Amino acid sequence: MSARTPFIAGNWKMNLDRVAVRSLCRHLTQLASEKPPARLGVFPPFIYLADVVSELSGSGIVVGAQTCHARESGAFTGEISARMIRDVGATHVIVGHSERRHLCGETDADVRARLDIALATGLDVILCVGETLDERKAGSTADVVSRQLAVGVSGLPADTVARRLTVAYEPVWAIGTGLNATPAQAQEVHALLRARLAELAGDAAAQRVVVQYGGSVKPDNIAALEACPDVDGALVGGASLDFRSFAAIARLGASAPRPAGSDR
Ligand code: PEP
């Protein structure tokens, strides 16, 4: 079994202002200098992306965008391309976040188009998957996340999956609600996702893919989640806006026991 370095990423969504962003970046730089065993990342609003890249330069903290447009360039007023994200020095992008799927109407095909252009442009990707409460109640969680994963991953080279893809399991009912999946619920879905990844890209790639959990992660629930063998860190929304919570999550999340071996 290969170990995976936990990846603790903050999705700032449409929050913070310039002053708060700078202050958070200073604290994050300090946190990174303590060399927490987790890989750290932040996903600021577009307008602050270049600032954050500059503020966190040399810290080792991943900086990415919360989405990108599916087309290379053109008459798409208000949109931001993968090339622009790369141009300002960001390295990652989130695709398929449930707020994009449910509030902006992005379909599985839209998510795949964004993922394809991101990878083609040189950005690494966090692909979010997750079921709604109705889907969970109807017993279709496995079908929903398997479909979202397959649409996102099928046909990609195994090496790309292994090196450039992170999957975030984010049950929609847990995002921003204060409800979180129990460790057992998270582990069940994470193990399923890893098995599906093995079918789609081979076992070696599946063992290397970081599968984050997301949904009301906080300092008091991260350790139990992270102790699950297939949970490799977290995509954190609300709690990433407060430096102390994010730092506690980064320290606790990475201190849980991990499978032995190497990582990426
Ligand atoms: C998210 O938006 O990705 C998320 C997990 O949000 P929160 O932690 O606030 O539930």
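Indexing begins at 1, ligand by ligand and atom by atom, following the structure's order. Remember, it's a predicted structure, so these values are computed and weren't measured experimentally.
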### Message
I'd like to check whether Gly176 has a polar contact with ligand 1, where a contact means an N/O of the residue lying under 3.5 Å from an N/O of the ligand.
### Response
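The answer is yes, given that Gly176 and ligand 1 share an N or O pair closer than 3.5 Å.
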
Tell me whether [X] reaches ligand 1 (any heavy atom closer than 4.0 angstrom to a ligand atom).
{"X": "Lys218", "result": "no"}
{"X": "Ser216", "result": "yes"}
{"X": "Cys128", "result": "no"}

### Task
With heavy atoms only and a cut-off of under 4.0 Å, state how Ala174 meets ligand 1: side chain, backbone, both or neither.
backbone

### Query
Is it the side chain (CB and beyond), the backbone, both or neither of Asn11 that lies under 4.0 Å from ligand 1, heavy atoms counted?
side chain

### Task
Mark yes when over 12 heavy atoms from residues, nucleotides or ligands other than Leu179 sit less than 6.0 Å from its CG; otherwise mark no.
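Yes, enclosed.
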
### Task
To the nearest 0.5 angstrom, please state how far the CD atom of Glu99 sits from the SG atom of Cys104.
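If we round to the nearest 0.5 Å, Glu99:CD and Cys104:SG are 8.5 Å apart.
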
### Subset of ligand 1 atoms that lie under 4.0 Å from at least one heavy atom of Gly215
5 (C), 10 (O)

### Task
Output the list of atoms in ligand 1 that are nearer than 4.0 Å to some heavy atom of Lys13, sorted by atom number.
1 (C), 2 (O), 4 (C), 6 (O)

For [atom], closest protein heavy-atom neighbour:
{"atom": "atom 8 (O) of ligand 1", "result": "Gly237 N, 2.8 Å"}
{"atom": "atom 9 (O) of ligand 1", "result": "Gly238 N, 2.8 Å"}
{"atom": "atom 1 (C) of ligand 1", "result": "His97 NE2, 3.2 Å"}
{"atom": "atom 3 (O) of ligand 1", "result": "Glu170 OE2, 2.7 Å"}

#### Entry: Contacts of type salt bridge (charged side-chain N to carboxylate O under 4.0 Å, His left out), residue Glu79, not counting sequence neighbours
none

### Message
Within the structure provided, determine whether Asp203 and Gln207 are in side-chain contact (heavy-atom separation under 4.5 Å).
### Response
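Sidechains of Gln207 and Asp203: in contact.
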
#### Entry: Pair Arg39-Thr5, side-chain donor/acceptor within less than 3.5 Å
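Arg39 vs Thr5: no donor-acceptor pair found between side chains.
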
### Message
For a salt bridge (charged side-chain N to carboxylate O under 4.0 Å, His left out) check, start with the C-alpha distance between Asp116 and Arg112, then their side-chain angles and the critical distance, and finish with the verdict.
### Response
CA-CA 6 Å; Asp116 280 339; Arg112 177 60 191 254; 2.9 Å; yes

Taking only distance into account, with no hydrogens and no angle test, what donor-acceptor pairs under 3.5 Å do side-chain atoms of residues 117-126 form with protein atoms, sequence neighbours excluded?
unit_1, atom_1, unit_2, atom_2, d
Thr121, OG1, Ile117, O, 2.5
Asp124, OD1, Arg164, NE, 2.9

### Message
Check for me, please, whether Val151 and Val129 land in the same ILVMFWY cluster - side-chain distances under 4.5 Å, paths through other members count.
### Response
no

